[in-house]
Amino acid sequence: MESNSEMAKLILGDNEYDLPVRIGTEGNRAVDISKLYGATGHITLDDGYANTGSTMSTITYVDGENGILRYRGYPIEQIARQCDFTETAYLLIYGELPTSDQLEQFRDNIRHHTLLHEGMKGIFAGFPPYAYPMAILSSVVGTLAIYDKGVVGDPADPDQTDLAIYRMMAKMPTIAAYSYKQSIGQPFIYPQNHLSYCQNFLHMMFAVPSEKYQMEVDFVEALNVLLILHADHGQNCSTSAVRMVGSSNVNLFSSISAGICALWGALHGGANEACIRMLEQIYHDGRNLQKYIDKAKNPDDPFRLMGFGHRVYKNYDPRATIIKEVCHRLVEKYAANDPLFEMAQALEEVAVNDSYFVERKLYPNVDFYSGIIYRIMGIPKNMFTVLFALGRLPGWIAHWREMHLSGGSRIHRPRQLYTGHTEREVIPLIKRQ
Ligand code: SDX
């Protein structure tokens with residue numbers, strides 16, 4: 001990024017400092033403080049990084065004020081309508097929409113790696129039946145660094161990273177589906193490489209050896225859209241975790257495993273499951289919407305409206321708009337009068353007209369309606385966030401790759417403002433009361 005004429009002035013005591021202002025391609029601006037500490041001995045402080053950019057990136061543009069989301073410049077609405085998930089993954093990772101030859105080659109590279117090493121099945125057997133699929137997913141993805149010994153070397157080596165990317169993209173659905181099968185005590189279903197990415201995942205999830213699995217085309221299409229909508233979202237918590245861990249030059253698999261752990265939290269990717277549990281709680285509590293709206297507004301009550309609000313979107317999350325439409329179609333065909341969908345719409349209606357939510361610009365986010373779709377597809381609640389991870393995988397990979405291709409990003413090592421004790425003498429234990 002070229003420096004530009006704009007400068008910001010910082011006045012500290014009697015000193016004035018000029019800080020360059022970086023201007024992004026959409027006119028978004030950043031005061032570059034890369035040299036601040038060296039010049040002033042000061043750092044900045046920003047709880048939760050709400051005002052801090054950790055990097056420059058060309059992958060995804062999110063305009064929270066106007067509810068805009070673009071992958072490599074393409075509006076999410078167009079991609080969701082015209083592309084499939086592997087095409088979107090290619091776009092995010094390599095920067096351009098693939099030609100049909102490039103896409104077929106990418107799909108073929110992935111197909112070659114969908115199987116897990118047979119030894120890995122023993123890892124699944126070691127988990128108790130109640131093991132949480134997100135915990136299994138992060139653990140088993142981490143062990144890919146053991147079984148894929150040939151590609152855990154230099155992240156800057158394009159051949160090694162491409163092979164690691166194919167393997168990571170290929171094995172995530174298999175690991176995810178095996179996590180589910182393990183949790184219900186059913187035999188693993190091997191990947192079928194004549195199937196598409198989404199078909200293969202649903203087949204591994206729901207097929208059983210004793211009978212032919214009848215796949216609903218609507219569910220394959222819905223999954224395809226959901227994975228696309230979850231594919232990337234800039235420097236969110238889990239992507240920042242992948243970049244942070246990856247900045248130490250550790251391999252891709254270990255970096256992705258860290259992202260999975262970050263995504264699991266109920267404030268992040270875990271919100272889709274938390275939202276359904278919240279809707280079920282409200283339903284069983286007599287559908288008293290106002291009671292829960294009041295709880296969400298009460299500063300002394302830890303209850304929050306799950307699937308609502310966003311650090312960046314201060315307008316309707318464009319992904320929620322698309323998901324709501326998909327939800328409507330599936331509910332009409334497969335779950336007419338689904339009480340949770342009706343209640344979710346009523347809850348949204350009450351909330352978006354309540355001054356508390358309006359003043360704080362809280363709208364439904366990507367997690368508010370997605371769980372209703374998963375539920376109709378027969379996906380169990382403890383697998384909802386696993387599907388979020390499946391969707392977010394190409395975004396994580398794209399950011400990890402961008403960081404290493406951009407001339408080797410520095411290891412991420414924030415500073416801190418120390419507010420603990422000043423120096424003091426140790427009192428020997430024998431004298432301590
Ligand atoms: C995702 O970053 C990304 O891009 C994430 C994501 C992605 O694609 O990667 O979009 C995916 O994680 C979506 C968010 C899923 N999480 C939830 O739905 C959980 C519920 N939402 C909230 O916990 C919250 O809105 C966050 C975590 C999403 C955002 O938190 P922030 O930006 O730190 O906002 P905040 O907690 O400072 O809230 C500001 C105010 C507070 O009230 P006041 O202190 O001003 O009185 O809004 C209130 C909050 O109490 N508030 C809510 C609320 N969300 C914010 N009050 C009730 N219910 C909510 N859901």
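When a ligand or atom number is given, it counts from 1 through the structure's own listing order. Since the structure is predicted, the reported quantities are computational estimates derived from the model, not experimental observations.
For the pair Glu6 and Arg22, the salt-bridge criterion is not met [side-chain N within less than 4.0 Å of a carboxylate O]. Checked for salt-bridge contact, Glu104 and Arg111 meet the test: a charged N lies under 4.0 Å from a carboxylate O. A salt bridge is defined here as a Lys NZ or Arg NE, NH1 or NH2 lying under 4.0 Å from an Asp or Glu carboxylate O, and Arg70 with Glu26 meets this definition. In this structure, Glu325 does not pair ionically with Arg329, as no charged nitrogen and carboxylate oxygen lie closer than 4.0 Å.
Heavy atoms of Asn365 found under 4.0 angstrom from ligand 1 belong exclusively to the side chain. Residue Arg319 touches ligand 1 through its side chain alone, judged by heavy-atom distances below 4.0 Å. By the criterion of a heavy-atom distance under 4.0 Å, the side chain of Leu362, and not its backbone, is placed next to ligand 1. Here Tyr356 has side-chain heavy atoms under 4.0 Å from ligand 1, and that is the only part of it that gets that close.
Closest heavy-atom approach to atom 38 (O) of ligand 1 among the candidates Lys295, Arg304, Glu359: Arg304. The residue among Phe308, Tyr292, Phe303 with a heavy atom at the shortest distance from atom 21 (N) of ligand 1 is Phe308. Comparing Lys314, Met306, Arg392, Met278 by heavy-atom distance to atom 9 (O) of ligand 1, the nearest is Arg392.
Residue, atom and distance of the protein heavy atom nearest to atom 12 (O) of ligand 1 are His268 ND1, 2.9 Å. The single protein non-hydrogen atom nearest to atom 29 (C) of ligand 1 is Arg311 N, 3.8 Å, given as residue, atom name and distance. In this structure, atom 28 (C) of ligand 1 lies nearest to the protein heavy atom Gly309 O, 3.7 Å. The protein heavy atom nearest to atom 4 (O) of ligand 1 is His233 ND1, 2.6 Å. Scanning the protein heavy atoms around atom 10 (O) of ligand 1, the nearest turns out to be His310 NE2, 2.6 Å. Atom 45 (O) of ligand 1 has its closest protein heavy atom at Arg360 NE, 3.5 Å. Scanning the protein for heavy atoms near atom 15 (C) of ligand 1, the closest one is Asp367 OD2, 3.2 Å. Protein heavy atom closest to atom 27 (C) of ligand 1, with residue, atom name and distance, is Leu267 O, 3.8 Å.
Side-chain contact of Asn382 with Tyr180: a donor-acceptor pair under 3.5 Å is absent, judged by distance alone. In the model, Ser138 has no side-chain atom that pairs as donor or acceptor with a side-chain atom of Trp264 under 3.5 Å. Defined by atom type and a distance below 3.5 Å, a donor-acceptor pair is present between the side-chain atoms of His399 and Arg243.
Aromatic ring centroids of Tyr363 and Phe368 lie 6.0 Å or more apart. Aromatic pair Tyr334/Phe219: ring centres closer than 6.0 Å. Residues His328 and Phe341 place their aromatic rings such that the two centres sit under 6.0 Å apart. Ring pair His203/Tyr190: centre-to-centre distance not below 6.0 Å.
Put simply, part of Gly307 is less than 4.0 Å from ligand 1, judged by heavy atoms. Contact analysis puts Ala296 in contact with ligand 1, with a non-hydrogen atom separation below 4.0 angstrom.
Every atom of ligand 1 with a heavy atom of Ala271 under 4.0 Å away is listed here by number and element: 15 (C), 16 (N), 17 (C), 18 (O).
For the pair Arg360 and Tyr356, the cation-pi criterion (under 6.0 Å, within 45° of the ring axis) is fulfilled.
The presence of a protein heavy atom under 4.0 Å from atom 2 (O) of ligand 1 is confirmed.
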